[in-house]
Amino acid sequence: MRKVITYGTFDLLHSGHINILRRAKDLGDYLIVAISSDEFNALKGKQAYYSFEQRKLILEAIRYVDEVIPEHTWEQKVQDVQNHDVDVFVMGDDWEGKFDFLSDYCEVVYLPRTVGISTTKIKEDLKEVLAK
Ligand code: C2G
């Protein structure tokens with residue numbers, strides 16, 4: 001079984017998230033998604049709308065996702081790849097090059113981001129609509 005892993009906050013789920021999850025799953029047979037804990041989000045300078053538990057529930061309902069684990073630190077990726085026997089690490093190409101060190105442990109694949117959608121854009125657009 002070829003196992004794939006990807007990481008992210010996945011807040012306010014949108015088509016960009018679904019696109020990367022579908023393509024990540026297409027690279028193997030089993031997809032693990034490590035979603036950032038609320039505390040790790042704070043470290044990343046992000047304040048998610050949905051709590052970790054809510055984001056976990058939503059991700060687990062997606063047909064491409066086989067398992068959801070928490071992401072607590074930047075440093076846990078090697079351990080995760082080893083502990084879960086991961087064959088492929090996938091991230092959007094906004095992270096291009098940032099995780100190449102993992103190529104000592106598994107394949108590293110950066111996939112093109114979906115243009116024109118992001119959680120930040122959703123929040124900004126909603127603010128505009130609601131301000132009218
Ligand atoms: N993504 C995408 N297209 C978009 C928006 C996001 O392909 N329009 C991808 C990102 O490249 C990332 C994944 O969706 O691979 C999750 O994005 P975020 O939830 O923004 O995650 P991020 O804050 O980038 O966290 O340790 C890694 C970090 O946890 C990554």
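Start at 1 and go down the list; that is how both ligands and their atoms are numbered. These values consider heavy atoms only, across backbone and side chains, with no hydrogens, waters or symmetry-generated copies.
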Could you go through the ring-ring contact (aromatic ring centres under 6.0 Å, His included) check for Trp74 and Phe40 one step at a time?
CA-CA 9 Å; Trp74 289 111; Phe40 184 55; 5.0 Å; yes
Candidates Glu53, Glu60, Gln54 - the one meeting side-chain hydrogen bond (donor to acceptor under 3.5 Å, both in side chains) with Lys56:
Glu60
How far is atom 24 (O) of ligand 1 from the closest protein heavy atom, and which atom is that?
Trp95 NE1, 2.8 Å
Hey, are Glu67 and Tyr30 close enough side-chain-wise for a donor-acceptor pair under 3.5 Å?
yes
Before accepting this row, confirm whether a basic side-chain N of the pair Asp66/Lys3 lies closer than 4.0 Å to the acidic partner's carboxylate O.
no
If you round to the nearest 0.5 Å, how far is SG of Cys106 from NE2 of His84?
12.5 Å
Does Thr119 use its side chain to pair, donor to acceptor, with the backbone of Asp11 at less than 3.5 Å?
yes
Hey, is Ser118 one of the residues with a heavy atom under 4.0 angstrom from ligand 1?
no
With heavy atoms of Gly92 as the reference, note each atom of ligand 1 found under 4.0 Å away.
11 (O), 15 (O)
State, without any angle test, whether Asp94 and Tyr110 hold a side-chain donor-acceptor pair at a distance under 3.5 Å.
no
Output yes when Glu96 and Arg113 qualify as a salt bridge under the 4.0 Å nitrogen-oxygen rule, no when they do not.
no
Under 4.0 Å from one or more heavy atoms of Lys77, ligand 1 contributes atoms 26 (O), 27 (C)
With only distance considered, is Thr114 within less than 3.5 Å of ligand 1 through an N or O on each side?
yes
Do ligand 1 and Lys44 have nitrogen or oxygen atoms that lie under 3.5 Å from each other?
yes
Please check whether Trp74 reaches ligand 1 - meaning an N/O of the residue sits under 3.5 Å from an N/O of the ligand, judged on distance alone.
no
Below 4.0 angstrom from a heavy atom of Phe10, which ligand 1 atoms are there? Numbered from 1 as shown, please.
16 (C), 19 (O)
Under-4.0 Å heavy-atom contact with ligand 1, by part of Thr9 that carries it
both
Closest non-hydrogen protein atom to atom 6 (C) of ligand 1, residue and atom name please, with distance?
Arg113 NH1, 3.6 Å
For atom 29 (O) of ligand 1, what is the closest protein heavy atom, and at what distance to 0.1 Å?
Glu71 OE1, 2.7 Å
Going by the atom numbers of ligand 1, which of them fall below 4.0 Å from some non-hydrogen atom of Tyr7?
26 (O), 27 (C), 30 (C)
With only distance considered, is Asp11 within less than 3.5 Å of ligand 1 through an N or O on each side?
no
Side-chain ion pair, Asp38 and Arg55, N-O less than 4.0 Å
yes
What are the atoms of ligand 1, with element, lying closer than 4.0 Å to any heavy atom of Ser36?
29 (O)
So which atom in Arg2 and which in Asp87 form the shortest heavy-atom distance, rounded to 0.1 Å?
CA-OD2, 3.2 Å
Quiz question: by atom type and distance under 3.5 Å, do the side chains of Lys44 and Thr9 form a donor-acceptor pair?
yes
Atom indices of ligand 1 within 4.0 angstrom of Asp94 heavy atoms, with elements:
10 (C), 11 (O)
I need the atoms of ligand 1 closer than 4.0 Å to a non-hydrogen atom of His14, numbered in the order shown.
5 (C)
Considering only protein heavy atoms, which is closest to atom 20 (O) of ligand 1, and at what distance to one decimal place?
Lys46 NZ, 2.9 Å
Of the backbone atoms (N, CA, C, O) and the side-chain heavy atoms from C-beta on, which set of Ile20 has a member under 4.0 Å from an atom of ligand 1: side chain, backbone, both, or neither?
side chain
Show which atoms of ligand 1 fall inside a sub-4.0 Å distance from at least one heavy-atom site of Ile117.
4 (C), 8 (N)
Please verify the inter-ring angle class for Phe101 with Phe99; under 30° counts as parallel, over 60° as perpendicular, anything in between as tilted.
perpendicular
